[in-house]
Amino acid sequence: MYLSLVKSKIKSGTISMTSRSCATVILENVKPFNQIPGPRGPFGLGNLYQYIPGIGKYSFDALHESGKDKYEKYGSIVRETMVPGQDIVWLYDPNDIAAVLNDKTPGIYPSRRSHTALAKYRRDRPDVYRTAGLLATNGIEWWKIRSELQKGLSSPQSVRNFLPLTDKVTREFVASMKSTDKDCVPDFMPAISRLNLELICLMAFDVRLDSFSDEQMKPNSLSSRLMESAEVTNQSILPTDQGFQLWKYFETPAYRKLRKAQEFMEKTAVELVSQKLLYFDEDQQKLASGQHRSRSLLEEYLRNPNLELHDIIGMAADLLLAGVHTSSYTTAFALYHLCLNPDAQDKLYQEACKILPDPWECQIDAAALNSEATYCRAVLKESLRLNPISIGVGRILNKDAVLGGFHVPKGTVVVTQNLVSCRQERYFKNASKFIPERWMRDTKEIVNPYLVLPFGHGMRSCIARRMAEQNMLVLLLRLIRSYEIDWKGRVPMNIETKLINQPDQPIKIEFRSRKT
C-alpha cells in the first residue's frame, strides 16, 4: 500500500527526486506487521492460555505486570495474539502513542474495542436503549450522542456550577468522620465509594440517596447494591472482551454476572429518570419564571431536543457505572501516597489551611480551586502518574500506520501501556518515587505530554474528567485540612487491573484530628 502510494505520487510529479530517495529509505526501514515481536502461543494458536488461572504466568488482574514483562522481553512495541485472528498491539513509546491518538482522518472518529458484552446486553433491549452507550459505541453513532451529552459535563462553567453542592456534601462527609483507633482501623474504601455515589446522584439526578444513613448502609440497600453492581460489571468487562467470546452464542457465567448487575443498574436509572419526568414540566415553568435554576445534568439533557429518552437512560446508567469506583480508587491511591510521604502531606496541609482557614465555616470556591490549589493538583497528577485509572488507552486503527518502525494495518486493536511507561527512569527522574513537585511550575520536569493520560486523550477522553477532578480535589483538601493521616496497611500497595485499576488491599488509614 505504501509503495503504490509513493509510486503514484512520483508518477504525478508531486514528489521531487530528493523526496523519492527519502521515501525509498523510509519504505526500506518499515518492517512488516508479522515481524512485530511478541507472544503468539504454541503453534500460533494464541497466548490466551497464559491468562488462565493456575496454568499461565499472566493474569487479567495484573496486566501492569504482564505489560512490564513483555516490554522487557520484546521492546517498545509488542504484538500479542490472544486467539487466532485476534491480535493486540501494545505500545510503550510516547511517540507511537501520540501517532495513534492524534489520528485526525477527516470524517472518521476514534474507535475502540471495549465493553463488547455490555454492547450486546443493550442492543438486545431496544425498548430501553437506542445505542450501546458512550462506553461501547463507535463511529458517527458515538459522536452524535457524545457531542450532545458532553455539553453539560465537559464545559468548565457547567462543572463550576456544581462546586457548591460538591463542597457542601464533602464537608458533611468529613464532619461525620471520627479519629480512628490505631489498633482497629477499618477499610476506608467503602466510605469513599459512598461519597462518590452520593455526589453522582446529586449532580446527575438532583437526588440525595443518604448513602451514610443506617438504612442505606445495609447490604441490600439501594446504594449498597448500586456500588456492588458497578463493581461486578467493571470486573466482567476484560474477561468478556478477550478470547473466544462464547457469550455471543450462549450465556456464560461471566456474561450472566454482567447481565444481572446491569439489570439492577438499568432499573435504577429508569426509576431516577422517570422520577424527574414527573416534575419536569413544573420545573420548566419555574425555570422560565426565574424561580428555579437547572440543578442536575438530567434536567439539561431532558431540555435538549437532540437527545431521545433512550439516550438519556443510557447516559444515566453509564454515569452510575463509570463514575463511582474510578474516582474512589484514584482518591484511595492519592491518600496512600500522602500517608507514605509526610512532607508532601504537610505541604498539602499548609495549602489547605490557606484555602480553608476555618474548615467548618469556609467554603471552597472556584477561584480558590483554580488558582490556589496548585499543590493539591500536583498531588493528584503525581498519584495518577503512578496509579492511573487504567493501564492505558485502547484504539482500533482507522488507517494503516507505521509504529515503532513496523507497518500496522487498519483495523488492528492497539492499546497503550502508559502505566508501565510512566514508571520508567527513561521518562521520569526517580520514577518510582512520589514527587508532586515535578508538576509544580518552579520545579516542573520536561515530560512528554503523551505519557500521563489517566483520562484518555482527544475526542474520546473521559467525558466527566473535569467533574471527577473537581470532586477529588475538594475531598483531598478537606480531608487533609481536618485530619493527619497514617498508613496502616501493607507496603507497598499493588493494584488489580479490573478494567479500572483498584487497590489490592483494604484502605487502612489512621485519621487523627488536627487542631482547627
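In this chain, numbering begins with 1 at the start of the sequence shown. Scope of the values below: all heavy atoms of this structure, side chains included, with no hydrogens, waters or symmetry mates. The structure displayed is predicted, hence computed values, not measured ones.
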For T81 and P84, indicate whether the former's side chain and the latter's backbone hold a donor-acceptor pair under 3.5 Å. no
Are any non-hydrogen side-chain atoms of V207 and L202 less than 4.5 angstrom apart? no
Quick one: does Y450's side chain get under 4.5 Å of D96's, heavy atoms only? no
Under a 3.5 Å distance rule, please check whether R40 uses its side chain to pair with a backbone N or O of M82 as donor and acceptor. no
Closest heavy-atom pair and its distance - F406, P37: CZ-CD, 3.9 Å
R259 atom CZ: more than 12 heavy-atom contacts under 6.0 Å: yes
Looking at CD1 of I495 and OG1 of T497, how far apart are the two atoms once the value is rounded to the nearest 0.5 Å? 6.5 Å
Any salt bridge linking R194 with E198? Criterion: basic side-chain nitrogen under 4.0 Å from a carboxylate oxygen. no
Side-chain contact test, heavy atoms from C-beta onward, threshold under 4.5 Å: evaluate it for S421 versus Y427 and give yes or no. yes
Minimum heavy-atom separation for L149 and Y301, please, with both atom names. O-OH, 2.7 Å
Minimum side-chain heavy-atom gap N387-L419 below 4.5 Å: no
Sidechain N-carboxylate O distance under 4.0 Å for D241, R113: no
Should E80 and K70 count as an ion pair when the cut-off is N to O under 4.0 Å? yes
For the residue pair A99 and L403, what are the closest heavy atoms and their distance? CB-CD2, 4.0 Å
Under 4.0 Å between a Lys/Arg side-chain N and an Asp/Glu carboxylate O for D400 and K410? no
For the CE atom of M189 and the CD atom of Q502, what is their distance to the nearest 0.5 Å? 7.5 Å
Atom pair CE/CG of M315 and L134 - distance to nearest 0.5 Å: 5.5 Å
Keeping the roles fixed (side chain from S223, backbone from Q216), state whether a donor-acceptor pair exists under 3.5 Å. yes
Does a side-chain N-to-carboxylate-O contact under 4.0 Å join D318 and R122? yes
Could you check whether any side-chain heavy atom of K276 comes within less than 4.5 Å of a side-chain heavy atom of E299, counting everything from C-beta outward? yes
For residues 231-239, which side-chain N or O atoms pair as donor and acceptor with protein atoms under 3.5 Å away, sequence neighbours left out?
from: E231; atom 1: OE2; to: Q235; atom 2: NE2; distance (Å): 3.4
from: T233; atom 1: OG1; to: S229; atom 2: O; distance (Å): 2.9
from: T233; atom 1: OG1; to: Q262; atom 2: NE2; distance (Å): 3.2
from: N234; atom 1: ND2; to: A230; atom 2: O; distance (Å): 3.2
from: S236; atom 1: OG; to: V232; atom 2: O; distance (Å): 2.8

Do R377 and W439 come close enough that some side-chain heavy atom pair is under 4.5 Å? no
Is any side-chain N of the basic residue among E271 and K267 closer than 4.0 Å to the acidic one's carboxylate O? yes
Salt bridge (charged side-chain N to carboxylate O under 4.0 Å, His left out) contacts in which one or both residues fall within residues 446-475, not counting sequence neighbours: R465-E469
Within this structure, what is the CD1-CG distance for the pair I77 and D93, rounded to the nearest 0.5 Å? 9.5 Å
4.5 Å side-chain heavy-atom contact, S193 and H325: yes
Please determine if E148 and K151 form a salt bridge, counting it only when a charged side-chain N lies under 4.0 Å from a carboxylate O. yes
Minimum heavy-atom distance between S383 and H337, given as atom pair plus value: OG-CD2, 3.6 Å
Apply salt bridge (Lys or Arg N to Asp or Glu O under 4.0 Å) to the pair R303 and E300, showing each step before the final yes or no. CA-CA 5 Å; R303 287 203 303 270; E300 296 287 345; 3.2 Å; yes
Residues, nucleotides or ligands: over 12 heavy atoms within 6.0 Å of E141 CD: yes
Under a 4.0 Å threshold between the charged nitrogen and the carboxylate oxygen, would E382 count as salt-bridged to R385? yes
I need the Y129 OH to R123 CZ distance, nearest 0.5 Å. 13.0 Å
Under a 4.5 Å cut-off applied to non-hydrogen side-chain atoms, are F455 and L453 in contact? no
Looking at G392, is its backbone amide N or carbonyl O close enough to the side chain of S390 to form a donor-acceptor pair, meaning the two atoms are under 3.5 Å apart? yes
Enter the distance from L298:CG to M203:CE here, rounded to the nearest 0.5 Å. 14.0 Å
